[in-house]
Each structure stands twice: as structure tokens, then as C-alpha cells.
Amino acid sequence: MAGRTLADADRVITEFASRTALVTGTLLLGAVDGGEHTRLPALLGAFHRRYPGVAVQLVEGRSAELISRVGNGELDAAVVALPEHSLPQGMRSVVMLEDEIVAVVPADSPLAGRKRVPIELLSGKTLISYGQNSGLRPWLQSAFDAAGIDFNTRYATNDGALHVALVEGGVGVSLTVGTDRALVGNPRVSAVPVSPSLAYRKALIWRDTPQPTRPLRALLALGPAAS
């Protein structure tokens, strides 16, 4: 019995080694800032343990740029902030993070004590937020347009830490992703959700055609179903 069990175990190990050895090469994967807060690190950890023969090249960029690079085949896949409108035809996605934009104010601001900040209260404030090349910009613009408020960002930067530093410096109110690491454990500022909610999603995207590379197929097989 013991000998048969060991033989079975050896066969499983051999089959596993044979299967994983078939997956080699390089996975070209793009990621926007904040990718560390998504399920991507855990997914890549599982991928590395199962397919150690695959090299993963991570490329940083903005959402619009990365979507374009996936579309033209420069990248196998990318984690991006999903655009306000649909992805280009032929692309698929799976959500890796659901988050929302928060208003970051000084800890002693009257707004700091609120559970939510009505978007109308941001009218006339000096706003700090993301630049035109950020995938979050259209979401913010649409929300302000719907409320009939001018979305006039006096300070535009895609650096969340700089957002927070400017708030600390008394410049104004920032609209920043709630999971930004610069907000964690910072007693000098308060992050207050906006009403209506400025929710957004980050997703792993890839092309349906031509057929994804073998490393990408192996990665997708470890993750949840796509849309």
C-alpha cells in the first residue's frame, strides 16, 4: 500500500513537472499605478509557483496608453482603470479591484467629520486631482458634469503622494483613489468618500484575437472568469 502511494505521488509530480515545463517564454504585462492594491500580486505569486519557467516583464504606464499597447500587440495584457465607455472591440477583461475616489482634506477641516462629502460642496474649492492622461479623469469629469459643477483642477498630477502633500500644505482638496498608500496611517489628512459615489474598477485586459500566448493562457486559467 505504502509503495503504491509513493508511486502515485511520484506520477503526479512527474505529470505536474511535465505540464509546467511546457509553459515557458515571457509574459509582457502592463500595470497602472496602484496595481499593488489589486489581486495582481497574488495572481502572479500563484503563477510563478506553478510556472517558474516563465519570465514576467512588468511595464508601467497610464490606462489609455496601456489599453492601446495591448490592442496593437505590444503587451500581452495589462491592469488598467476601466474607461468610462466600453473597451475596444476584441478586448476582454476581468475586474481586479473595485475602489472609489475620496476627497482628501486636512484633518482639522469641517469636511473631515462627515461620512460623505456631497459633490456640490466641492464647487469653488481649489481642486487637486489627476491629469488629462489618467484613466480616472473621465470618471471625475462626468461626475462633475452630471452635478452641473465645473471640474477645474488647479493642480493636476498623477502622483497620489503629491496629492496628499499638497493637501497637507494647505493648497486645497484632492480627489484621490481611496486605496492610495499615501493615505494609510496619515493623521494629518482625512479621506472622505464623495456623494454620489465616484466608484471605479481596475481590471486585467487582453485581446481575444489572435489567440493569447501560452503564458497568458496559463495566467488566465488561474484567475476568475472574464467578461
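Note: hydrogens, waters and symmetry copies are ignored here, and every other heavy atom, side chains too, is used.
- Between V192 and K115 there is no side-chain heavy-atom pair separated by less than 4.5 Å.
- Between S93 and L87, the closest heavy-atom pair is CB-CD1, 3.8 Å.
- In terms of modelled atom types and a separation under 3.5 Å, the side chain of T209 and the main chain of Q211 share no donor-acceptor contact.
- Residues in residues 134-147 take part in no salt bridge (charged side-chain N to carboxylate O under 4.0 Å, His left out) pair, two or more places apart or across chains.
- In this structure, the side chains of V70 and M91 come closer than 4.5 Å at one or more pairs of heavy atoms.
- Minimum interatomic distance between P187 and A107 (heavy atoms only, all atoms of both residues): O-CB, 3.4 Å.
- With a 6.0 Å radius and a threshold of 12 heavy atoms from other residues, nucleotides or ligands, R154 has its CZ atom at or below the threshold.
- No single ILVMFWY cluster, assembled from side-chain heavy atoms under 4.5 Å apart, contains both L175 and V104.
- Between D33 and R62 there is a side-chain heavy-atom pair separated by less than 4.5 Å.
- Taken to the nearest 0.5 Å, the CD1 atom of I101 stands 6.5 Å off from the OG atom of S129.
- Inter-residue side-chain proximity for R114 and P110 is flagged as unmet; no heavy-atom pair is nearer than 4.5 Å.
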After noting the C-alpha distance and the side-chain angles of L222 and R50, does the key distance pass the side chain to side chain contact (heavy atoms under 4.5 Å, CB included) rule? CA-CA 10 Å; L222 294 176; R50 186 157 188 177; 3.9 Å; yes
Passes side chain to side chain contact (heavy atoms under 4.5 Å, CB included), I119 versus F144? Steps please. CA-CA 8 Å; I119 196 171; F144 274 72; 3.8 Å; yes
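- A donor-acceptor contact shorter than 3.5 Å is absent between the side chain of S134 and the backbone of G131.
- A heavy-atom distance below 4.5 Å is found between the side chains of L204 and L29.
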Check step by step if salt bridge (Lys or Arg N to Asp or Glu O under 4.0 Å) holds for D76 and R207. CA-CA 8 Å; D76 295 315; R207 292 180 303 162; over 6 Å; no
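- Atom CG of L66 sits about 7.5 Å away from atom CD1 of I205, to the nearest 0.5 Å.
- Between I128 and T153 the shortest side-chain heavy-atom distance does not fall below 4.5 Å.
- Looking at every heavy atom in both residues, H163 comes nearest to T176 through ND1-OG1, 2.7 Å.
- The cluster map of Ile, Leu, Val, Met, Phe, Trp and Tyr, joined by side-chain heavy atoms under 4.5 Å apart, puts L183 and V194 in different clusters.
- Across T24 and P215, no two heavy atoms sit closer than the pair O-CG, 3.4 Å.
- Residue W139 is grouped with residue V173 when hydrophobic side chains (ILVMFWY) are merged at heavy-atom distances under 4.5 angstrom, including chains of intermediate members.
- Counting only heavy atoms from C-beta outward, the side chains of R69 and V59 approach each other to under 4.5 Å.
- Residues P41 and G35 come closest through the heavy atom pair CD-O, 3.7 Å.
- Summarising the local packing, CD of Q89 is surrounded by 12 or fewer heavy atoms from other residues, nucleotides or ligands at distances under 6.0 Å.
- The distance from atom CD of E65 to atom CG of L75, rounded to the nearest 0.5 Å, is 8.5 Å.
- Between L220 and F47, the closest side-chain pair of non-hydrogen atoms is not below 4.5 Å.
- Other cluster members for L97: none, since no ILVMFWY side-chain heavy atom sits under 4.5 Å from it.
- Between the side chains of N133 and N158, at least one donor N or O lies within less than 3.5 Å of an accepting N or O.
- Residues L140 and Y155 do not share a hydrophobic cluster, defined by chaining ILVMFWY side chains whose heavy atoms lie under 4.5 Å apart.
- Closest non-hydrogen pair, V167 versus G172, comes out as CG2-O, 3.6 Å.
- Applying the side chain to side chain donor-acceptor pair (under 3.5 Å) test to every pair with at least one member in residues 188-204, sequence neighbours left out, gives these pairs: D99-Y200, E100-S197, E168-R188.
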Let me see the working for I149 and L122 under side chain to side chain contact (heavy atoms under 4.5 Å, CB included), right down to the final yes or no. CA-CA 8 Å; I149 302 170; L122 299 177; 5.8 Å; no
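- Within the 3.5 Å criterion, the main-chain N or O of D208 finds no donor-acceptor partner in the side chain of R92.
- Following chains of ILVMFWY side-chain contacts shorter than 4.5 Å, one cannot reach L166 starting from V105, and the two form parts of different hydrophobic clusters.
- Other residues, nucleotides and ligands contribute over 12 non-hydrogen atoms within 6.0 Å of the CD atom of E74.
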Please assess L58 against L44 for the test side chain to side chain contact (heavy atoms under 4.5 Å, CB included), listing each intermediate value before the final yes or no. CA-CA 11 Å; L58 293 168; L44 288 179; 4.3 Å; yes
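- Although no hydrogens or angles enter the test, the distance criterion places a donor-acceptor pair under 3.5 Å between the side chain of S63 and the main chain of A81.
- Taking CG of L162 as the start and OG1 of T157 as the end, the distance is 4.5 Å to the nearest 0.5 Å.
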